[in-house]
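Within every chain, numbering begins at 1; the chains are lettered A, B, ... in the order of the sequence lines, protein sequences first and strands thereafter.
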Amino acid sequence: MTESWPTSPEEARRLQERLRDQVVTEDRLGPVRAVAGADAHYAPVQGLTWAAAVIATFENLELEESVLACQRTAFPYVSGLLSFREAPTMLDALARLSRTPDLLLVDGQGIAHPRRLGLASHVGLLADIPTIGVAKTRLVGRYEEPGPARGAWSPLLHRREVVGAVLRTRPGTRPLFVSPGHRVGLSTAIDLVLRCTPRFRLSEPIRLADRLSREHAP
DNA sequence: GCGACAG
DNA sequence: ATCTTGTCGC
């Protein structure tokens with residue numbers, strides 16, 4: 001499944017161009033009961049990448065299962081090519097879950113990407129599961145600052161296209177950059193992310209995954 | 001040519 | 001992402 005994984009940035013960009021049309025940006029998901037969150041961290045000294053995947057109940061966002069995966073970091077960090085660095089380990093973690101989640105929230109962009117294939121879209125495509133990109137900062141696109149109330153959002157535009165939403169998940173904090181990953185439309189993505197982010201700035205599944213991977217990275 | 005640039 | 005303490009504010 002990870003055979004012929006790109007080695008160079010040029011090769012990676014070519015693969016993105018070849019896969020971009022396979023990403024589905026319309027709702028193709030069933031009832032959401034189990035929501036997963038995925039995040040990765042690095043241990044530079046050991047040259048390792050740690051990825052965590054958790055599953056929480058969509059209803060109360062309580063942790064149900066958490067797994068970890070670790071691999072040697074094999075691709076450099078290049079803006080726009082993050083998936084080639086994190087996806088292998090993230091997919092490893094997802095495969096360790098006892099069941100397939102109904103939805104996956106990924107710490108990174110979905111289609112709000114130069115070639116419409118951010119980490120969330122790439123992982124969703126390879127695992128064939130509905131995903132949403134939930135990033136803390138912008139990669140591409142222009143936008144107007146969303147209102148101060150929780151739930152306020154403004155479109156993220158890139159090359160005349162709406163590629164995501166800048167969403168205020170909590171008053172007094174910086175907004176999140178939400179974009180369809182795979183098999184989830186933008187409006188549904190916004191709704192789902194809000195439901196998964198009832199209290200803090202970050203979505204609960206991602207917070208749980210972030211905490212877990214961070215504990216095992218040092 | 002000059003900035004911008006997920007994690 | 002990672003390197004890093006205290007500190008201001010709700």
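- Within the structure, every side-chain polar atom (N or O) of R85(A) is placed at least 4.0 Å from both OP1 and OP2 of dA1(C).
- Atom P of nucleotide dA1(C) and atom CE of M90(A) are separated by 11 Å, given to the nearest angstrom.
- Protein atom CD1 of I206(A) is 10 Å distant from nucleotide atom P of dG7(B), rounded to whole Å.
- Checked by atom type, the side-chain pair S203(A)/T197(A) shows a donor-acceptor distance below 3.5 Å.
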Protein-nucleotides 3-7 of chain C N/O pairs closer than 3.5 Å?
none

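- Contact check, T137(A) against dG7(B): a side-chain N or O comes under 4.0 Å of OP1 or OP2.
- Nearest to the side-chain atoms of L139(A) among the listed nucleotides dG7(B), dC5(B), dA1(C) stands dC5(B).
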Notebook entry, point to check: Dot-bracket for DNA chain C: what is it, with Watson-Crick or G-U pairs under 3.5 Å, [ ] where a pair crosses earlier ones, and | for a pair to another strand?
Noted result: ..........
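- Other members of the hydrophobic cluster containing V184(A), listed by chain and number, are L29(A), V32(A), V35(A), F58(A), L103(A), L105(A), I132(A), V134(A), W153(A), L157(A), V162(A), L167(A), L176(A), V178(A), L186(A), I190(A), L192(A), V193(A), L194(A), L202(A), I206(A); membership follows side-chain contacts under 4.5 Å among ILVMFWY residues, whether direct or relayed.
- For residues 68-79 of chain A, proximity to DNA chain B is found at Y77(A), S79(A), defined as any non-hydrogen atom under 4.0 angstrom from a strand atom.
- Counting only Watson-Crick and G-U wobble pairs whose two distances sit under 3.5 Å, DNA chain B takes part in no stem of three or more pairs.
- For W50(A) and Y42(A), the distance between ring centers is not under 6.0 angstrom.
- Across the protein-nucleic acid pair, L81(A) atom CG and dA6(B) atom C1' stand 11 Å apart, rounded to whole Å.
- Considering only side-chain N and O atoms, H41(A) lies under 4.0 angstrom from the phosphate OP1 or OP2 of dT2(C).
- Applying the side-chain hydrogen bond (donor to acceptor under 3.5 Å, both in side chains) rule to S121(A) yields no partners; only residues at least two apart in sequence or on another chain are considered.
- One interatomic measurement links the two molecules: CZ of R199(A) to P of dC10(C), which rounds to 18 Å at whole-angstrom precision.
- Atom CG in D39(A) sits about 14 Å away from atom C1' in dT2(C), given to the nearest Å.
- If you take CG of L48(A) and C1' of dA1(C), they are 14 Å apart, rounded to a whole angstrom.
- Of the residues in residues 160-198 of chain A, not one places a heavy atom less than 4.0 Å from an atom of DNA chain B.
- Taking A112(A) as the reference, Q109(A), L156(A), V163(A), S179(A) meet the side chain to side chain contact (heavy atoms under 4.5 Å, CB included) condition, with sequence neighbours excluded.
- Judged as a salt bridge (Lys or Arg N to Asp or Glu O under 4.0 Å), and not counting sequence neighbours, the contacts of E161(A) are R116(A).
- With no hydrogens or angles considered, a side-chain donor-acceptor pair links S98(A) and E65(A) at under 3.5 Å.
- Sorted by first and then second residue, the salt bridge (Lys or Arg N to Asp or Glu O under 4.0 Å) pairs with a member in residues 93-105 of chain A read E64(A)-R99(A), D92(A)-R96(A); sequence neighbours excluded.
- Between the CZ atom of R115(A) and the P atom of dC5(B) there is a distance of 16 Å, given to the nearest Å.
- For K136(A) and dG7(B), the shortest distance from a side-chain N or O to OP1 or OP2 is below 4.0 Å.
- Around CD of E17(A), the count of heavy atoms belonging to other residues, nucleotides or ligands within 6.0 Å exceeds 12.
- With no hydrogens or angles considered, a side-chain donor-acceptor pair links T73(A) and T49(A) at under 3.5 Å.
- No donor-acceptor distance shorter than 3.5 angstrom exists from the side chain of T188(A) to the backbone of G185(A), with no hydrogens or angles considered.
- Between R183(A) and D128(A) there is a salt bridge, with a side-chain nitrogen of the basic residue lying less than 4.0 Å from a carboxylate oxygen of the acidic one.
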Extract from the structure each pairing of a protein N or O with an N or O of nucleotides 2-4 of chain B at less than 3.5 Å, listing the distance.
{"from": "dA4(B)", "atom 1": "O3'", "to": "R138(A)", "atom 2": "NH2", "distance (Å)": "3.4"}

Less than 3.5 Å apart, which donor and acceptor atoms pair up between the side chains of residues 137-147 of chain A and the rest of the protein, not counting sequence neighbours?
{"from": "R138(A)", "atom 1": "NH1", "to": "G141(A)", "atom 2": "O", "distance (Å)": "2.9"}
{"from": "E145(A)", "atom 1": "OE2", "to": "R168(A)", "atom 2": "NH2", "distance (Å)": "3.3"}

